[in-house]
There are 2 protein chains.
Amino acid sequence: MQLTQEYREKLDGALRRTGQRATRQREHIFSVLLGKRDHPTADEVYARARAEMPSISLATVYNCLEALSASGLVKQVNFEREPTRYCANLTAHAHFYCKESGEIQDVELSEQIIDLLKSCLPAGHTAHRIDIAFDGKCGECDD
Amino acid sequence: MQLTQEYREKLDGALRRTGQRATRQREHIFSVLLGKRDHPTADEVYARARAEMPSISLATVYNCLEALSASGLVKQVNFEREPTRYCANLTAHAHFYCKESGEIQDVELSEQIIDLLKSCLPAGHTAHRIDIAFDGKCGECDD
DNA sequence: TAAATAATAAGAATTGTTCTAAATATTGGT
DNA sequence: ACCAATATTTAGAACAATTCTTATTATTTA
């Protein structure tokens with residue numbers, strides 16, 4: 001899995017802007033996330049990363065995921081107390097988690113509905129992030 | 001902190017309905033949550049509970065909080081990877097977390113907006129729970 | 001190219017939570 | 001009220017995800 005020129009520039013720029021260095025490992029982890037757009041845990045990213053870079057360590061995977069999150073290229077997704085998952089979809093979206101199949105899906109949200117949610121906040125409060133997670137049954141698992 | 005008759009009946013009924021027993025410890029933990037309606041972590045609940053019941057153990061606190069959640073009287077609230085927090089507010093509401101003050105506030109949501117959110121789901125998907133967490137600055141911390 | 005700085009690797013440490021097993025409490029049937 | 005059956009509590013060990021530590025290696029800057 002090679003990063004296209006476009007994504008490499010995006011990555012280098014984003015890292016530099018946040019005072020971080022572009023390294024082979026960070027590039028590789030980014031390409032792993034772009035390569036299969038499910039919502040892997042750090043362990044899963046580690047397993048996929050090792051396929052092409054056997055010497056990478058789990059600590060480095062965490063480190064890279066943190067660097068990518070800090071640079072704004074990757075989002076961390078949490079469901080209750082489960083391991084953090086990572087995704088490279090940067091559009092405003094929520095997540096749907098089907099406990100039956102274990103599958104996680106992105107749910108696109110309009111600006112409109114985000115604004116509507118923000119309007120529920122008490123005066124003076126400013127939200128710089130909104131996390132929305134649905135729990136339920138997906139189409140396949142639903143009776 | 002004594003449970004009112006009303007709340008004791010609510011508790012006993014809810015526990016019985018979910019096949020669980022009413023115990024001194026569960027009553028006490030419930031009263032702790034009703035007594036101060038912030039969003040304490042298990043450790044904080046433990047500290048408060050011990051004030052009146054010094055022999056209670058942390059494992060029991062976790063156990064009671066789990067029993068109360070299972071019975072539907074208490075909600076678990078998670079912010080990213082932080083320790084789970086517990087609250088006895090059962091109305092549909094979101095949470096606002098101010099990282100500056102550390103304060104957590106309930107944000108009431110209308111049925112309308114919940115329905116609107118549900119309507120964003122792909123066909124066939126049913127949500128049996130929606131978690132909404134705002135991150136930002138609250139009125140006092142905002143410039 | 002050298003010096004300064006940042007990132008990596010490997011494993012130890014930490015944190016919040018769950019598990020285990022023995023002791024205790026609660027419940028339902030007499 | 002009493003006994004047996006079952007659930008809960010306690011204390012501490014175990015666990016899983018993540019972070020930290022330190023020496024080594026890579027990247028950047030001058």
Side-chain angles (χ1 to χ4, degrees), chain A residues 8 11-32 39-47 49-50 52-71 73-86 102, chain B residues 8 11-32 39-50 52-71 73-86 102 104:
Chain A
R8 173 170 321 227
L11 173 61
D12 288 4
L15 287 172
R16 187 147 322 118
R17 250 173 272 121
T18 50
Q20 307 184 97
R21 291 180 180 171
T23 65
R24 282 196 318 121
Q25 287 87 342
R26 287 175 181 173
E27 270 186 23
H28 183 48
I29 295 300
F30 190 40
S31 83
V32 163
H39 297 78
T41 62
D43 265 349
E44 287 161 353
V45 173
Y46 180 42
R50 279 209 288 190
E52 291 194 44
M53 187 185 272
S55 65
I56 198 168
S57 76
L58 178 58
T60 298
V61 170
Y62 273 105
N63 180 339
C64 292
L65 290 169
E66 176 58 35
L68 293 169
S69 303
S71 80
L73 290 179
V74 163
K75 269 192 201 158
Q76 307 192 187
V77 182
N78 288 286
F79 290 102
E80 288 149 55
R81 294 249 96 218
E82 300 200 357
T84 299
R85 294 166 177 281
Y86 298 86
Chain B
R8 174 172 320 228
L11 173 62
D12 288 4
L15 288 171
R16 187 146 324 117
R17 251 173 272 120
T18 49
Q20 306 184 98
R21 291 181 180 172
T23 66
R24 282 195 320 120
Q25 287 86 344
R26 286 174 182 173
E27 271 185 22
H28 184 48
I29 295 300
F30 190 40
S31 81
V32 162
H39 298 78
T41 62
D43 266 349
E44 286 161 353
V45 173
Y46 181 42
R48 293 176 199 177
R50 278 210 289 189
E52 290 194 46
M53 188 184 272
S55 66
I56 199 170
S57 74
L58 178 59
T60 298
V61 170
Y62 273 105
N63 180 339
C64 292
L65 290 169
E66 176 57 36
L68 293 170
S69 303
S71 80
L73 290 178
V74 162
K75 270 192 199 157
Q76 307 192 189
V77 181
N78 289 284
F79 289 102
E80 289 150 52
R81 294 250 97 219
E82 300 199 357
T84 298
R85 294 166 177 280
Y86 298 86
I104 290 163

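Below, chains carry the letters A, B, ... as their sequence lines are ordered, and counting in each starts from 1.
- Contact annotation: Thr84(A) side-chain N/O to dT18(D) OP1/OP2 distance is under 4.0 Å.
- Nucleic acid contact class of Thr23(A) (heavy atoms, under 4.0 Å, all strands): sugar-phosphate only.
- The separation between Glu44(A) atom CD and dT18(D) atom C1' is 16 Å, rounded to whole Å.
- The phosphate of dT8(D) has neither OP1 nor OP2 within less than 4.0 Å of any side-chain N or O from Asn63(B).
- For the pair Glu80(B) CD and dT19(D) P, the interatomic distance rounds to 11 Å; values are reported in whole Å.
- Rounded to a whole Å, the CD atom of Glu82(A) is 11 Å from the P atom of dT18(D).
- Nearest-nucleotide positions on DNA chain C place Gln20(A) closer to the 5' end than the other of Asn78(B) and Gln20(A).
- Both tests do not hold together for Arg48(B) against Tyr46(B): distance to the six-membered ring centre under 6.0 Å, angle to the ring axis within 45°.
- Nucleic acid contact class of Thr41(B) (heavy atoms, under 4.0 Å, all strands): none.
- At least one donor-acceptor pair under 3.5 Å links the side chain of Arg81(A) to the backbone N or O of Arg81(B).
- Which of dT9(D), dT8(C), dA17(D) sits closest to the side chain of Gln25(B) comes down to dT9(D).
- For dT19(D), the OP1/OP2 oxygens have no side-chain nitrogen or oxygen of Tyr62(A) closer than 4.0 Å.
- In this structure, Phe79(B) atom CZ and dG16(C) atom C1' are separated by 17 Å, rounded to whole Å.
- In this entry the distance linking CD of Glu66(B) with C1' of dT9(D) reads 16 Å, nearest Å.
- Judged purely by atom type and a 3.5 angstrom limit, Ser69(B) uses its side chain to pair as donor or acceptor with the backbone of Leu65(B).
- For Arg26(B) and Phe30(B), the positive end is not near the middle of the six-membered ring at less than 6.0 Å and at most 45° from its axis.
- Remark: Arg26(B) is in phosphate contact with dT8(D), judged by side-chain N or O atoms under 4.0 Å from OP1 or OP2.
- Distance alone, capped at 3.5 Å, is enough to place a donor-acceptor pair between the Thr41(B) side chain and the Glu44(B) backbone.
- The side chain of Ile56(A) has dA9(C) as its nearest neighbour among dC19(C), dA9(C), dT18(D).
- Comparing Arg81(B) and Ser57(B) by the nucleotide of DNA chain D that holds the closest heavy atom to each, the one mapping nearer the 5' end is Ser57(B).
- The interatomic distance linking Leu58(B) (CG) with dT15(C) (C1') rounds to 12 Å, in whole Å.
- Note: CD (Glu27(A)) to C1' (dA26(D)) measures 14 Å, nearest angstrom.
- Residue-to-nucleotide contacts include a donor-acceptor pair under 3.5 Å from the side chain of Arg21(B) to the base of dT6(D).
- Comparing Arg85(B) and Ala22(B) against DNA chain C, the residue whose closest nucleotide sits nearer the 5' end is Arg85(B).
- Arg16(A) places its CZ atom 7 Å from the P atom of dT28(D), with the value rounded to the nearest Å.
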